[in-house]
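Inspection log for the structure reproduced underneath, given as structure tokens.
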Amino acid sequence: MSDNITFTIDGVEVKARHGETIIEAADRAGIYIPRLCYMKDLIPHGSCRVCTVMVNGRPQAACTQPVVQGIVVENNTPAMQKHRRNLIDMLFVEGNHFCMFCEKSGNCELQAMAYRFGIPAPKYPYMFPDKDIDASHPDIFIDRNRCILCGRCVSASRDVDGKTAFEFAGRGPHKKIAVNAEANLGDTNAEASDKAMSVCPVGALMKKRIGFAVPIGSRKYDTKPIGSEIESSTRK
Amino acid sequence: MSENLGTFIKNVCHKYKKDKTRLMDIACEVQEQFGCVSGKAMDLIAGEISIHRVEVENLVSFYAFLSKEPKGKIVIRLCNDIIDELNGAEEVAKAFSEELGIKVGQTTADGKITLEYTPCIGMCDQAPAAMVNDVIVTNLNSDKARKIAHSIKKHGDPSKLSAPLGDGNNANELVLSMVNNNIRQKGEVIFARHEQGAGLTKALSLSPVEVIRDIKTARLRGRGGAGFPTGMKWEFARQATGTNRYVICNADEGEPGTFKDRVILTECPDLMFEGMTIAGYAIGSETGILYLRGEYAYLRAFLEKILSNRRKNGMLGKDVGGKKGFNFDIRIQMGAGAYICGEETALISSCEGLRGDPKTRPPFPAQKGYLASPTTVNNVETFCCVARILDKGAPWFTEIGSQGSPSTKLLSVSGDCKKPGVYEVPFGIKVSDLLKMVGAEDTAAVQVGGPSGQMIGPADFKRTICYDDLATGGSIMIFNSTRDVLRIASKFMEFFVEESCGYCTPCRTGNVLLKERLDRIIAGKGEPSDLDYLQELGESVKVSSRCGMGQTSPNPVLSTLKNFRGQYEKLTKRSKDGLMQSFDIKAAIADAEAIAGRPSEKFSLNS
Ligand SMILES: Cc1cc2nc3c(=O)[nH]c(=O)nc-3n(C[C@H](O)[C@H](O)[C@H](O)COP(=O)(O)O)c2cc1C
Ligand code: SF4
Ligand code: FES
Ligand code: FES
């Protein structure tokens, strides 16, 4: 397939293939559109809304919106960055995120996104919701305090592992990640080697006994901001 | 009991041919029989229809009328929407609560009766109202509530609560409801006398493409609220590739203050089914689905009977209306208490046996809708218009109403007025004229289009109701000068918080935050800067939400900020000492003392 579609992101011309989403085309062009729920190779969930861009003046999620010849995309504008900052703030206050003693610190996409946006603390009031931890499985655990409902584990377990060990339960602010058992992850067939276990952007779905194997300071986002891996790729 | 459960589930799943896309129906039947869909039931259902148990939980945990925890054989659901509240719903709740000896949200000790709140049940013209299982009770007061609670405790039979019966088909032997139609004004399109079947006969004498052409010429726009041109939608569905095609009628009517579809379903169901059949012919579909909100379950048997009559008369089934090769039938899909299922892609999810999450767009339903096939979803009233256009012709239809909004619209009027009910009015009617018509005096605010619409003040009463000015799916709520518009806005935000599907961040959490800050202001603890905070937050939710719900849910805040700014400003004066109004120093000291386990040495709580 050839790159026969052209469109612009913030005035820069980008080439894309038919059937690609805006985020895929932007990634290949070395333009970073901030995102949290999207992960390459999984079905886009479109839930965090951090990737929202203006397409011909209308808001769309870049991770689900297909490219069309000639569209004008606004990404890194003050207005869009403001909405994104607000969404990141919302994700922080709707959960219980204590980065200073979280094992994911430094590898956490939510934390890294906050740093990228220069957010020292959320401006919204903390909700301090009651959430639980499921440590019933010998090798893995769920800490629902940190879950951002991105749907990656649901998709990976269903579409890649073929297990459907995870699904959502409840609605609205009570929505949470549930497991394929009465209550305990330990009663499902989930395993540490599952794809689902390597996709969580935050510290909600974790493997046991690897805590602090990589010291703080040498972790993925300790040295480079999130998104730099895309921005540093060569532009076409 | 558990053996019983096993056999029951086996039979129900068998009845639905172990089809996982009918999980909604299976779960509803289990809920009705056992008062819950327990963990055990989830295991059994999952086994029967070959899905994962967590997928059953995914659905059950979504719908308000389904539950994993046991509920009573009788569930009393009190509507606690704003109109009910203004009409004394609190007194009614208190009476029920006292008579049953439980709080709202609880089940009696014998496990027989559950009492809970529910958002708008489509009875605002006869509020306060409640559901006792499927039975609707209206015009409640505390005396009536006590009597109902008393008799339900005695005989446990909701069907005995319906006297006196309502007007029209509400008294039909298959409805037997105390609900009243309250049709206050009949227009020329929906409530006019018409020859039954004339529209369909005309349609079948044309080609499908000609039918779509007529709908386009009539410039028919969807009556559900968004106003999308119906002819164009049908053309997309007709032209999209797919082996099957579907016609879905949206009778979810969940926007608070809307109840006009209830009256159509009661008085003109044949006209609606006729419109659906015409749509089936036009787009090349063999299957229609009527998505009926759970709150209207009391109309189900009646509607099923109408459908079976239509089958008998050759108006559904094989060779419909004598047209060789045109086969079309309609089934009813029940909802189970979820406002979001009125959104067309969420509605499709629900019909597919899934939780009511909206779908990612594109693809749009007309390309890939129900079971990934081209689908048109239209409102109840839209289908009625279709049948009338085919009967009387497009020019007749466009004679009434305004240029951009031809024909009539049904309005559901409730709140502070003498004559609440359903009005069929020409599009383009001025708000002030409508207020006169319905006997509204001393009106301070009108909510046009329900919570997702706009709250307007007297300065806007000269504006008109139509797609290009004040659009509405039918909801008109009237408030007089004794009402507190910010409290009303807060009530609407509570509705959105409870009804958000929770899929996307801005709607799941942004609505909670909007309500928090609005309530802080109402409590007199707001700051002037909170107005900008609300504005920016509301805009972020609108811009970044995934579906029409979050894209409109900040409207109660944003439209009152715009049209009733004075009310906010009155409540957010800067404090004299310059301290944040929301910071309660005494409470903070008390908290600190509790943690320290000793009184503060520096501060005294009494000073
Ligand atoms: C949150 C939400 C709730 C909705 N509820 C309803 C409803 O109860 N009834 C309805 O007809 N349309 C409702 N709609 C609009 C539908 O998505 C859809 O546009 C409509 O059914 C199309 O029919 P129409 O073109 O005939 O109006 C709702 C939309 C949203 C976003
Ligand atoms: S806006 Fe988002 S959370 Fe709200 S109902 Fe739509 S998809 Fe669900
Ligand atoms: S990355 Fe697109 S919505 Fe989350
Ligand atoms: S039925 Fe109560 S507000 Fe609609």
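Residue numbers begin at 1 in each chain, while the letters A, B, ... track the order of the sequences.
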With the side chain counted from C-beta on, respond yes when [X] and [Y] share a heavy-atom pair under 4.5 Å apart, and no when they do not.
X      : Y      : result
B/R517 : A/P125 : yes
B/T360 : A/P44  : no
B/L537 : A/M90  : yes

Are the side chain of B/S500 and the backbone N or O of A/G172 linked by a donor-acceptor pair below 3.5 Å?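 No: the side chain of B/S500 does not pair with the backbone of A/G172.
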Can you check whether A/K163's main-chain N or O pairs, donor with acceptor, with B/H52's side chain at less than 3.5 Å?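 Checked: pair present.
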Hey, which of B/M42, B/E536, B/Q551 has the most heavy atom pairs under 4.5 Å with chain A?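 Counting heavy-atom pairs under 4.5 Å, the top option is B/E536.
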Contacting moiety of [X], where chain B heavy atoms sit under 4.5 Å:
X      : answer
A/H45  : both
A/V50  : neither
A/T52  : side chain
A/A61  : neither
A/A181 : backbone

Tell me, with the steps shown, if A/M80 and B/V543 meet side chain to side chain contact (heavy atoms under 4.5 Å, CB included). CA-CA 9 Å; A/M80 294 332 281; B/V543 166; 4.3 Å; yes
With rounding to the nearest 0.5 angstrom, report the [atom1] to [atom2] distance, [X] to [Y].
X      : Y      : atom1 : atom2 : result
A/K175 : B/S61  : NZ    : OG    : 9.5 Å
A/L91  : B/T505 : CG    : OG1   : 4.0 Å
A/Y124 : B/L514 : OH    : CG    : 8.5 Å
B/S545 : A/L87  : OG    : CG    : 8.5 Å
A/H174 : B/F62  : NE2   : CZ    : 12.5 Å

Give the minimum heavy-atom separation between [X] and [Y], together with the two atoms involved.
X      : Y      : answer
A/C48  : B/P506 : O-CD, 4.4 Å
B/R355 : A/F168 : NH1-O, 4.0 Å
B/P362 : A/Q65  : CD-OE1, 3.7 Å
A/G46  : B/R546 : O-CD, 3.3 Å

Region of B/V541 in contact with chain A, defined by heavy-atom distances below 4.5 Å: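 Just the side chain, heavy atoms under 4.5 Å.
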Output, in order, the C-alpha distance, side-chain angles, deciding distance and verdict of side chain to side chain contact (heavy atoms under 4.5 Å, CB included) for B/E57 and A/N180. CA-CA 9 Å; B/E57 183 172 4; A/N180 189 33; over 6 Å; no
Residues B/E498, A/R171: salt bridge by 4.0 Å N-O rule: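 No, no charged N to carboxylate O under 4.0 Å.
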Salt-bridge contact A/E182-B/K68 (side-chain N to carboxylate O under 4.0 Å):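 Judged by the 4.0 Å cut-off on N to carboxylate O distance, A/E182 and B/K68 do form a salt bridge.
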Tell me, with the steps shown, if B/V512 and A/E94 meet side chain to side chain contact (heavy atoms under 4.5 Å, CB included). CA-CA 9 Å; B/V512 178; A/E94 72 166 7; over 6 Å; no
Among the options A/I148, A/N86, A/V93, A/T188, pick out the one with the most heavy-atom pairs lying under 4.5 Å from chain B.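 Of A/I148, A/N86, A/V93, A/T188, A/N86 has the most heavy-atom pairs under 4.5 Å with chain B.
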